[in-house]
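Here's the structure we're looking at; comments come further down.
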Amino acid sequence: MANIFSSLKNAYKLFKHVDFDKLDALSKKVDLPKMVETISNLDDKQIQGMMKMMGGGQKKKELPPIEGDFYHLGDEALKDEDRELQLKVRAFLEKEVKPIVNQYWNRAEFPFEIIPKLAELNICGLTYQGYGCPGKSNLMEGILAMEMARIDTSISTFFGVQSGLAMGSIYLCGSEAQKQQWLPLMQQFKIIGAFGLTEPEVGSAAAGGLTTTCKKAGGKWVLNGQKKWIGNATFADILVIWARDEEEGEVKGFIVKKDNPGFAVEKMQNKMALRIVQNGLITLTNCEVEEADRLQNANSFKDTAKVLQMTRAGVAWQAVGCARGAYENALDYTRTRKQFGKPIASFQLIQNHLVEMLSNLTAMQTLCFRLSQLQDQGLLKDEHASLAKVFCSLRTRDVVSKAREVMGGNGILLEYNVARFVADAEAIYSYEGTKEINTLIVGRAITGFSAFV
């Protein structure tokens with residue numbers, strides 16, 4: 001009797017899950033009794049194989065974490081407190097920046113609401129000693145530049161202009177009074193800075209061809225000329241402007257306030273890259289600057305070059321971040337996007353692209369780690385920074401291109417993020433010294449011959 005009830009109970013469970021419409025349709029295509037008999041004669045191993053082939057009886061596959069630092073360089077190199085700061089900055093970017101970045105990028109607008117939150121992280125002027133700055137290592141600064149660019153290169157660029165180019169010019173070339181006046185306020189983002197070197201007709205030739213001029217007139221200086229591609233220019237409170245002295249012929253630096261008479265700025269439109277960055281075209285028309293606002297220790301382009309050497313390492317790290325963001329987004333996409341009934345990450349050609357991307361990314365990270373170590377040891381030379389800029393900006397192009405490729409048509413949609421990295425990589429490729437100029441810097445160092453015109 002117990003066996004009968006058990007059989008009825010099992011039959012009831014079976015009938016509860018049977019789709020009789022599908023069963024009827026199947027009976028019209030195959031000899032159902034024969035199929036049941038055949039299956040009932042299979043052993044357990046054969047049935048398991050059939051179920052696996054049908055996609056049944058499988059546990060959900062646990063995938064490895066998405067990690068762009070494949071060699072765990074950050075884990076090994078950073079102290080616990082610095083690792084904690086890195087993760088804190090990453091969490092901020094994931095929570096506050098990533099959800100809004102595409103809409104701001106699309107509108108070519110800047111998300112001013114994040115500035116007070118950035119200030120709370122206490123990372124501006126990270127490597128400087130004193131003036132309210134944290135006094136951390138150059139390696140830590142590079143890693144944070146990478147973390148920012150991993151989410152958005154524009155935000156990393158904004159930060160690099162504020163913390164590196166603008167504050168760095170005052171830190172390296174300013175008098176003690178100027179440092180005391182400006183650096184603490186800039187560190188807290190109460191004052192926003194910009195850096196004006198590039199001109200409409202002068203980019204790579206800035207060392208010997210600046211057309212913006214300065215002339216001493218009593219206790220003031222009068223500046224005339226234009227500056228182009230100046231990040232943060234449309235909303236900066238102060239701008240470091242580099243100009244050539246009409247009498248001496250040497251390059252000098254000036255702190256120009258946004259309300260200085262003769263200063264005007266116009267936002268540049270229709271950019272295809274770094275659209276969040278507010279680049280400006282600055283026009284200086286008999287712009288008067290007090291002697292007290294001349295950078296007291298900027299007396300030639302060699303002083304300007306000190307700032308560029310310091311920040312060029314940061315741009316190499318930005319390239320790493322841009323590549324890492326593209327790689328991690330592409331990897332995530334391939335593990336969820338299905339074609340022919342399975343994730344495209346399981347296809348050999350896709351895995352080949354992903355491994356090539358990771359190889360380039362890992363080589364870039366390793367190079368930048370060593371670059372920052374040289375910087376921390378006081379051994380950094382122009383050619384070291386230039387080699388990193390050349391290699392990383394080139395390889396970033398490769399990585400973002402393959403990231404876009406593995407995503408197919410979706411790769412050109414902003415909502416999948418990679419399209420933004422593809423566009424922004426083009427800006428990284430050009431600014432802070434083009435590939436050609438940086439190549440000649442390295443070439444001069446290794447051959448002993450200068451190939452500059």
Residues, nucleotides or ligands: over 12 heavy atoms within 6.0 Å of L63 CG = yes
For residues A313 and Q375, report the shortest heavy-atom separation together with the two atoms involved.
-> CB-OE1, 3.7 Å
Candidates E141, M146, M140 - the one meeting side-chain contact (heavy atoms from CB on, under 4.5 Å) with L144 | M140
Is a side-chain donor-acceptor pair under 3.5 Å present for T283 with Q226?
-> yes
Within 45° of the six-membered ring axis of Y429 and under 6.0 Å from that ring's centre, is NZ or CZ of R397 located there?
-> yes
May I ask you to test the S154-W105 pair for a side-chain heavy-atom distance under 4.5 Å?
-> yes
Does the side chain of Q180 come under 3.5 Å of the side chain of E176 through a donor N or O and an acceptor N or O?
-> yes
Any side-chain donor paired with an acceptor under 3.5 Å for N410 and Y333?
-> yes
Taking the side chain as every heavy atom from C-beta outward, state whether P134 and Q187 have any atom pair closer than 4.5 Å.
-> yes
Exceeds 12 heavy-atom contacts within 6.0 angstrom, atom CG of D75 = yes
Honestly, is R324 close enough over Y327, meaning NZ or CZ under 6.0 Å from the six-membered ring centre and within 45° of the axis?
-> no
Examine distances only and state if a side-chain atom of Q318 and a backbone atom of S156 form a donor-acceptor pair shorter than 3.5 Å.
-> yes
So, W229 versus F195, ring centres under 6.0 angstrom or not?
-> no
CG/L121 to CD1/I123 distance, rounded to the nearest 0.5 angstrom?
-> 5.0 Å
Do R395's NZ or CZ and the ring of F391 fall within the cation-pi criteria of under 6.0 Å and 45°?
-> yes
More than 12 non-hydrogen atoms from neighbouring residues, nucleotides or ligands closer than 6.0 Å to NZ on K267, yes or no?
-> yes
For the pair D82 and K136, evaluate salt bridge (Lys or Arg N to Asp or Glu O under 4.0 Å) and give the outcome as yes or no after the intermediate values.
-> CA-CA 9 Å; D82 289 342; K136 296 281 188 179; 2.9 Å; yes
Is it the case that more than 12 heavy atoms not belonging to L379 sit under 6.0 Å from its CG atom?
-> yes
Quick one: do K402 and E356 make a salt bridge, cutoff under 4.0 Å?
-> yes
Evaluate whether atom NZ of K190 has more than 12 neighbouring non-hydrogen atoms of other residues, nucleotides or ligands under 6.0 angstrom away.
-> no
Taking atom types as modelled and ignoring hydrogens, do the side chains of Q309 and R312 form a donor-acceptor contact shorter than 3.5 angstrom?
-> no
Using a distance-only test with no angle check, is there a side-chain donor-acceptor pair under 3.5 angstrom linking E383 and N438?
-> no
Side chains of I238 and I191: does their closest heavy-atom pair fall under 4.5 Å?
-> yes
Around atom CD of E201, are there more than 12 heavy atoms of other residues, nucleotides or ligands at under 6.0 Å?
-> no
Give a yes-or-no answer on whether the side chains of E432 and T311 include a donor-acceptor pair shorter than 3.5 Å.
-> yes
Do F158 and F110 have ring centres separated by under 6.0 Å?
-> yes
Any donor-acceptor N/O pair, N329 side chain to V418 backbone, under 3.5 Å = no
Would the number of heavy atoms belonging to other residues, nucleotides or ligands and lying under 6.0 Å from NZ of K271 be above 12?
-> yes
How about F112: does its CZ atom have over 12 heavy atoms from other parts shown lying under 6.0 Å from it?
-> yes
Distance-only donor-acceptor check, side chains N417 and N102, under 3.5 Å = yes
